[in-house]
Amino acid sequence: MQSDLETTIGEVNNIVDELTTVMDDVAPCFPPKYNIFDYHVEEYHKRFFGLFMGFANLNAEDIAAGHILMLVEWVMRDYSRAISRLGIEPETLQPPLLDAIDPLLSIYRDHVRVLMDEWSSRILQADRDDPPEVVEGLYSTMAPVHLFQSINTQIDVAKASRCGKVIVVVAEEITGSLQNFQNTILLLTRDHWDNLELEYTIALINNNSRSYDYTQDIIDKITESLDDEYVQQINMDPLLDGFNGVVKSSISALTSLVFVDLEDVLNKIFTKEWLTNNYMKQVVNTFGDYYDNDIKDYMQESYMRRFAIDCLERLVVRYLQERYNKKTKTIMEGTGEKMADDIYLFSEFFSKYARPQQVKDALQSLEDVKELIDSDVGMTGLYVNSLITKNPNFTLDHVTWIINKRADLDGNGRKEGIASAKKLMEEKAGQLDMNAKTIFTNVK
């Protein structure tokens, strides 16, 4: 096929050269009104179009990706240059030669897709087989480097064609390949986090920074190579949001790995033993061991702050789940004071790793629930308002459960508290997004 293609292109080049003879020697022999030269240009162009249509009917197994680019490059470079030397604007010739090989671009698209998917799979597999490296003090793997090297190779090949259509094809397939790459990591961190090593999960988090920057670089590289007409045909910005989603899922996976060691002690929240023991000190000590010995020095600082807040938010959810899951007739005396001690402990500990205001915000709902447990019933509306403002899916059932189990309230006090909460919630109902995901999404 290559020899046939090269022979055809050579013949076409000879035919193009004949147009010089037509312009210099044939056209002067005819009256100008005959437009002999223009006639020959149009007829020759139609012939070229027919030749290229013949190539366009080839199947994928009959033509290699490199040969497709050879055709494109000939049209974009050699033919355009030759026609321009004859004083003809290439874009005025109809139909455009590139239209004849549009079907070949579909073949080229499939080639790029298969190639990128193979590279991506191999790179991810190699990433799992080899332990993370410590680079500049941080855990990382080579996946982003190798993947984006491959991507840049495809972009450079497309740019060399000088054809906007080819660059758009490559941009679209790169987008699809990177989305598959992201989805693979999302699946791994969301559904198979318990098979991950701590060091590898930290590396996935750190890798996000490079992946995000590399993605921005290729977006700039591609758009700078295209006219506005083609720039409008591609949209690679969702890839940036995609990598943000990857790091969020990876941080969640790391949180899950740490929480495995906390299950036994967390199960004791709101038990009689919890009232008389400092179990939450064990919890923050476990976090501290992980943070200071295994994680903090090997993770980017900004991600460490996000990880600490994710751990705290997960802890608050679990804490509240234990509150609502415990089968007790009444809330034990001293519960409010014990919760206050735990909240203070959490605040002091997590403020060392995250911004104090973020820590305060993360603990606010737990603080409000604590107040519902032991504050004056007349203050119920205040704390319910705070809770539903931050957690629209905090329901009347949540309030009722707490108030009905308060041993310090008589029947009238419970009715008053519940009525106050119900009235406020009804007033606020139209202002709240009940589908919003908050810490109470998983607290039943």
Side-chain angles (χ1 to χ4, degrees), residues 124 127 131-148 178-179 181-186 188-190 193 196-220 236-259 262 283-284 286-317 346-365 390 437-439:
L124 279 171
D127 233 32
E133 301 176 1
V134 178
V135 179
E136 297 181 354
L138 305 176
Y139 282 128
S140 63
T141 69
M142 294 302 292
V145 174
H146 292 156
L147 180 62
F148 283 90
L178 281 174
Q179 287 174 333
F181 178 81
Q182 292 171 350
N183 289 336
T184 300
I185 298 177
L186 286 172
L188 187 66
T189 54
R190 185 184 61 229
W193 60 266
L196 299 178
E197 303 81 19
L198 190 79
E199 296 81 3
Y200 180 69
T201 310
I202 296 171
L204 287 178
I205 295 168
N206 290 330
N207 284 350
N208 181 76
S209 181
R210 281 190 295 178
S211 296
Y212 190 97
D213 291 343
Y214 289 157
T215 300
Q216 187 61 66
D217 288 342
I218 66 168
I219 291 174
D220 294 342
M236 303 181 74
D237 289 340
L239 290 174
L240 299 174
D241 292 335
F243 279 113
N244 286 334
V246 167
V247 75
K248 182 178 180 180
S249 181
S250 300
I251 287 173
S252 180
L254 185 61
T255 300
S256 296
L257 289 171
V258 173
F259 265 72
L262 298 173
V283 170
V284 297
T286 301
F287 280 128
D289 286 342
Y290 270 108
Y291 290 5
D292 296 334
N293 299 324
D294 301 318
I295 299 174
K296 180 166 65 72
D297 292 340
Y298 301 101
M299 184 189 291
Q300 289 188 31
E301 183 179 356
S302 61
Y303 293 142
M304 182 64 211
R305 289 195 295 268
R306 290 174 61 178
F307 169 59
I309 290 299
D310 194 66
C311 286
L312 177 55
E313 290 177 344
R314 182 87 64 93
L315 180 58
V316 168
V317 169
F346 297 156
S347 178
E348 288 293 298
F349 173 78
F350 284 99
S351 292
K352 294 187 295 184
Y353 302 95
R355 294 187 177 92
Q357 185 59 51
Q358 288 181 296
V359 173
K360 181 180 179 181
D361 290 344
L363 289 170
Q364 186 60 56
S365 296
K390 190 174 178 64
K437 288 188 177 182
T438 74
I439 64 171

Test applied, side-chain hydrogen bond (donor to acceptor under 3.5 Å, both in side chains); reference residue, R210; option that passes from N206, D213, N207: N207
What distance separates D289 CG from D294 CG, expressed to the nearest 0.5 Å? 8.0 Å
Where do D297 and L138 come nearest, in terms of heavy atoms and distance? O-CD2, 4.1 Å
Which heavy-atom pair separates S140 from V135 by the least distance, and what is that distance? OG-CG2, 3.3 Å
Using side-chain heavy atoms (C-beta onward) and a distance below 4.5 Å, is K390 in contact with I439? no
Among L204, L188, L196, the one residue meeting side chain to side chain contact (heavy atoms under 4.5 Å, CB included) with S250: L204
Is there a donor in the side chain of D361 and an acceptor in the side chain of Q357, or the other way round, less than 3.5 Å apart? yes
For a 4.5 angstrom cut-off between non-hydrogen side-chain atoms, does F148 reach S211? yes
Measuring only between side-chain heavy atoms, which start at C-beta, is V284 closer than 4.5 Å to E348? no
Look at the rings of Y291 and F287 and say which category their plane angle falls in: under 30° parallel, 30 to 60° tilted, over 60° perpendicular. tilted
Just by distance, with hydrogens left out, do R314 and S252 show a side-chain donor and acceptor under 3.5 Å apart? yes
Find out whether I295 and Y139 are in side-chain contact, i.e. whether some heavy atom of one side chain is under 4.5 Å from a heavy atom of the other. no
I would like to know whether D127 and Y200 meet side chain to side chain contact (heavy atoms under 4.5 Å, CB included); could you show each step before the answer? CA-CA 9 Å; D127 233 32; Y200 180 69; 4.0 Å; yes
As an exercise, state the distance from CZ of R190 to OG of S256, rounded to the nearest 0.5 Å. 12.5 Å
Restricting to non-hydrogen atoms, name the atom on F350 and the atom on C311 that form the minimum distance, rounded to 0.1 Å. CE2-CB, 4.1 Å
Please round to the nearest 0.5 Å and tell me the distance separating atom CD of E197 and atom CD1 of I202. 11.0 Å
Give me the atom names and distance for the closest heavy-atom approach of W193 to A253. CB-CB, 3.7 Å
Does the separation of the ring centres of Y212 and F243 fall below 6.0 angstrom? no
Look at atom CD of E133 and say whether more than 12 heavy atoms of other residues, nucleotides or ligands are closer to it than 6.0 Å. no
A quick test of your reading: do over 12 heavy atoms of other residues, nucleotides or ligands sit less than 6.0 Å from OH of Y353? yes
Going by heavy atoms in the side chains, are Y214 and L147 under 4.5 Å from each other? no
Rounding to 0.5 Å, atoms CG (L363) and CD (E313) come to a distance of 9.5 Å
On a heavy-atom basis, which atom in L312 and which in A362 lie closest, and how many Å separate them? CD2-CB, 3.6 Å
Atom CG in L257, atom OG1 in T201: separation rounded to 0.5 Å? 5.0 Å
Heavy atoms, side chains only, cut-off 4.5 Å: are I251 and T189 in contact? no
Expected output: side-chain Q182 to main-chain L239 donor-acceptor under 3.5 Å: yes
Please find the pair of heavy atoms, one from P132 and one from A203, that lie closest to each other, and give the distance. CB-CB, 4.0 Å
To the nearest 0.5 Å, what is the distance between OH (Y290) and CG (L254)? 9.0 Å
Taking the side chain as every heavy atom from C-beta outward, state whether L315 and F259 have any pair of such atoms under 4.5 Å apart. yes
Is the shortest heavy-atom distance from the side chain of I205 to the side chain of R306 under 4.5 Å? no
